[in-house]
Number of protein chains: 4
Amino acid sequence: MTDWSVRNGEDVERMSDNSKISTRKKILVAAEEVFSEYGFHKSLVDAIAAKAGLGKGTIYRYFENKEVLFKSLMDENVEALVSIVQSESGKCDGAVEKLKVNIESYIKFFKQHKRLFVILLFEEEGIGCKDHNECWEKRMGHTVLLEECIKEGSELGVFKKLDSGFLSYSILGVIHYNVIKWMRSNDEYDILDELPAIYDFIFNGIKIG
Amino acid sequence: MTDWSVRNGEDVERMSDNSKISTRKKILVAAEEVFSEYGFHKSLVDAIAAKAGLGKGTIYRYFENKEVLFKSLMDENVEALVSIVQSESGKCDGAVEKLKVNIESYIKFFKQHKRLFVILLFEEEGIGCKDHNECWEKRMGHTVLLEECIKEGSELGVFKKLDSGFLSYSILGVIHYNVIKWMRSNDEYDILDELPAIYDFIFNGIKIG
Amino acid sequence: MTDWSVRNGEDVERMSDNSKISTRKKILVAAEEVFSEYGFHKSLVDAIAAKAGLGKGTIYRYFENKEVLFKSLMDENVEALVSIVQSESGKCDGAVEKLKVNIESYIKFFKQHKRLFVILLFEEEGIGCKDHNECWEKRMGHTVLLEECIKEGSELGVFKKLDSGFLSYSILGVIHYNVIKWMRSNDEYDILDELPAIYDFIFNGIKIG
Amino acid sequence: MTDWSVRNGEDVERMSDNSKISTRKKILVAAEEVFSEYGFHKSLVDAIAAKAGLGKGTIYRYFENKEVLFKSLMDENVEALVSIVQSESGKCDGAVEKLKVNIESYIKFFKQHKRLFVILLFEEEGIGCKDHNECWEKRMGHTVLLEECIKEGSELGVFKKLDSGFLSYSILGVIHYNVIKWMRSNDEYDILDELPAIYDFIFNGIKIG
DNA sequence: GATGAATGAGTCTTCATTCAT
DNA sequence: TATGAATGAAGACTCATTCAT
């Protein structure tokens, strides 16, 4: 297997000039659209090829098979998410502020990639992943970013001293379910408007006093 | 088609007398095992029939098709969940206490049905559900129970006056992600031990003071 | 994999009553026709199914895949060949007579199965056979029958004391190439008429005196 | 299309100067290696191009398609075989001696080209050859050399007066099957050591007296 | 001339569903 | 009523061949 599938990020820069977008990128873009709409199993390789304006065989030049394409898409999305969150939270100080920015970045990313993340997080379960834990680790790799924030805050006495694994999962749960709720509403409201409520829920809980 | 349902606990009681368990029940039990292990798409009707100790054709006597079987299983599980949560939370007083019991019931149910709920909540997305909203309503029907609790608490001035939809989704997110975390650990700990932390997170948030 | 593919030979007896022929047998008969005409690679599973008057899926109920079908066909033909040769040569005495009957049986078999044996002997080479030697052993298993004959003759002082492996391959070469020659002629002559010449070639060679 | 052929020995002489080997020759050499190892159907044009150190498109500059490449390779090998046998048998006198040299030349050629000849002789069957007879004629064209030898011997009263077609096929059978036997042994012995036995088999047969 | 990315016709294989027994 | 052999539509994947550079 040649390593056509390993490319650098330059091609993103020129997306305005359609002819300059690398074939690999075209496929990933089409794959995201199709997988997002139909989920893994109902997505046809033909449909992805058609949407990418490429022949079916071309898909297979770049990705061993449908599953590898799916996982590559997921991997690269997670990587993108992580790198966005990292760079954003790097820009600010203070545990609370950092966590806020962190959450905001997550939500912005999910807002942009809409349904993809549901598939990202759950559908892969159904796809035979030889090492299930490894898979999950990759998908959930981004929780470390939350964990780091939280640890920092705990050490500074801003956050409670709770298991950071517990907290990052709990916070992620809040984030994801609010994204799901928003998705279900068909853009009736802007999920970013929910941020204050989300922060309040996470920081102070629901009880009065 | 007869309508013996999962809730109808009678047939469970006589499981020692194998011949008394209704065929429909046998199929649903087998289906839960198989769907839980492989997910919807990788589950074979043959496997379900084999596990149920029945002929494949029999499955189709009781359920129109694989999808209907899957949805029936889900419907009945959700119904069972709702009825359990309802009866448990009916036993106690006070908004806080009620919400706690509510959450505990959820977690106990998920603990028992393990992987099924992941499929329940997310895989269905991949299955063509003509009316997507209707589908979701059914699956998420149980959020009303949370909503009721919360509304009651809000009115009594125990909980903040926030949108109950927002709160129920947020709480559900916390619950589900903690279940996922627990599932991933391969029973290294008892998820029920996490309850105090979960309550504290939901009621008071993570911030000190 | 269930073992539908293991059946006994009874179904052969009733081939006149078409409806009594087992599905497995029907597939093998169709496969022989198609493989004989087109060779392994150009034969379509669809064509075999159509010729057998069965659905394509049925082929796969009985044989794991096209290759297994091909190999099963070959195995069973070799088995049939061996058993015919054995029973025929068992009926007569004397090394020379036995060898003659042996050769005659081979040729009759090849006459009946025409092109199949070319495929049997050579095309399989092209099909990935994990243990190549094992494959060959199976295909050429029948040479032992010749070897036995020859050894007996050598011990009785009728045949020269030459390596029996060498002799059986040489004799088989004579047989097969005469079959090929006959096949090429499109039934212009009866290959059985060549038997005297073949015997003379093998027993006495081509030199005068 | 130029017509540098394998026979044209000039380019072989300068193999040390890699750049002097014609592209066509490079392709044929690579094709022989690949076809010999995998057979026609499992050989990939990519693999041949890679082995030849050329681009895939270049293959198609020199050969219309894979099949033509295969046939050209075979044609040129047969031509080479014929020319070697002819020149060798031209060097000696006497029907017996000539036939011996003939056989020796064959075996030497096959020894050098190992597995290729199996493919040469049989796999082509599987390739749609519009005029099957024409194909065979070309492949088996070399039998005329044996036929000539035999006819000469028959007329001189050295060999029996049998159909020369019958004899050449029979002798070829002996030769080929001994080559196969040798090939199967993985060079455990030198096939040229078998020559005396082969001569004896062909000239005198297996019977004593 | 040489190249190799792109192509899509061609096939195998799967598995939910049916229906004769 | 229960069965499971038969089915065939559907879809993943391959690879010889083309053609723009």
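Every chain is numbered from 1, with letters handed out A, B, ... down the list of sequences. Since we're looking at a predicted model, the values are computed, not measured.
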Would you indicate whether the side-chain heavy atoms of [Y] and [X] approach each other to under 4.5 Å?
| X | Y | value |
| --- | --- | --- |
| C/L28 | C/F63 | yes |
| D/E32 | D/H113 | yes |
| C/F40 | C/E67 | yes |
| C/F35 | C/I48 | yes |
| A/Y60 | A/V45 | yes |
| B/L69 | B/Y62 | no |

[atom1] of [X] versus [atom2] of [N]: gap in Å, rounded?
| X | N | atom1 | atom2 | value |
| --- | --- | --- | --- | --- |
| D/Y62 | E/dT3 | OH | C1' | 13 Å |
| A/F63 | E/dA6 | CZ | C1' | 15 Å |
| C/R61 | F/dG8 | CZ | P | 14 Å |
| D/K26 | E/dT3 | NZ | C1' | 14 Å |
| D/I48 | F/dC15 | CD1 | P | 13 Å |

At under 4.0 Å, does any side-chain N or O of A/T23 touch on OP1 or OP2 of E/dA5?
no
The residue, A/I59 or D/G55, whose nearest nucleotide of DNA chain E is more 5′ is D/G55
Look only at the side chain of C/S43 and the backbone of C/G39, and say whether a donor-acceptor pair between them is shorter than 3.5 Å.
yes
Would B/E76 and B/K25 pass as an ion pair if we require N to O under 4.0 Å?
no
Show each protein N/O and nucleotides 15-19 of chain E N/O combination with a separation under 3.5 Å, one pair to a line.
unit_1, atom_1, unit_2, atom_2, d
E/dA16, OP1, B/S43, O, 3.3
E/dA16, OP1, B/K66, NZ, 3.0
E/dA16, OP2, B/V45, N, 3.1
E/dT17, OP2, B/Y60, OH, 3.1
E/dT17, OP2, B/K66, N, 2.9
E/dT17, O4, B/K56, NZ, 2.8

Stem regions touching DNA chain F, defined by at least 3 consecutive Watson-Crick or wobble G-U pairs below 3.5 angstrom
E:2-21 with F:2-21
Could you pull out the closest heavy-atom pair between D/K66 and D/H41, with the gap in Å?
NZ-O, 3.7 Å
Which part of the nucleic acid does C/L54 contact within heavy-atom distance under 4.0 Å: base, sugar-phosphate only, or nothing?
sugar-phosphate
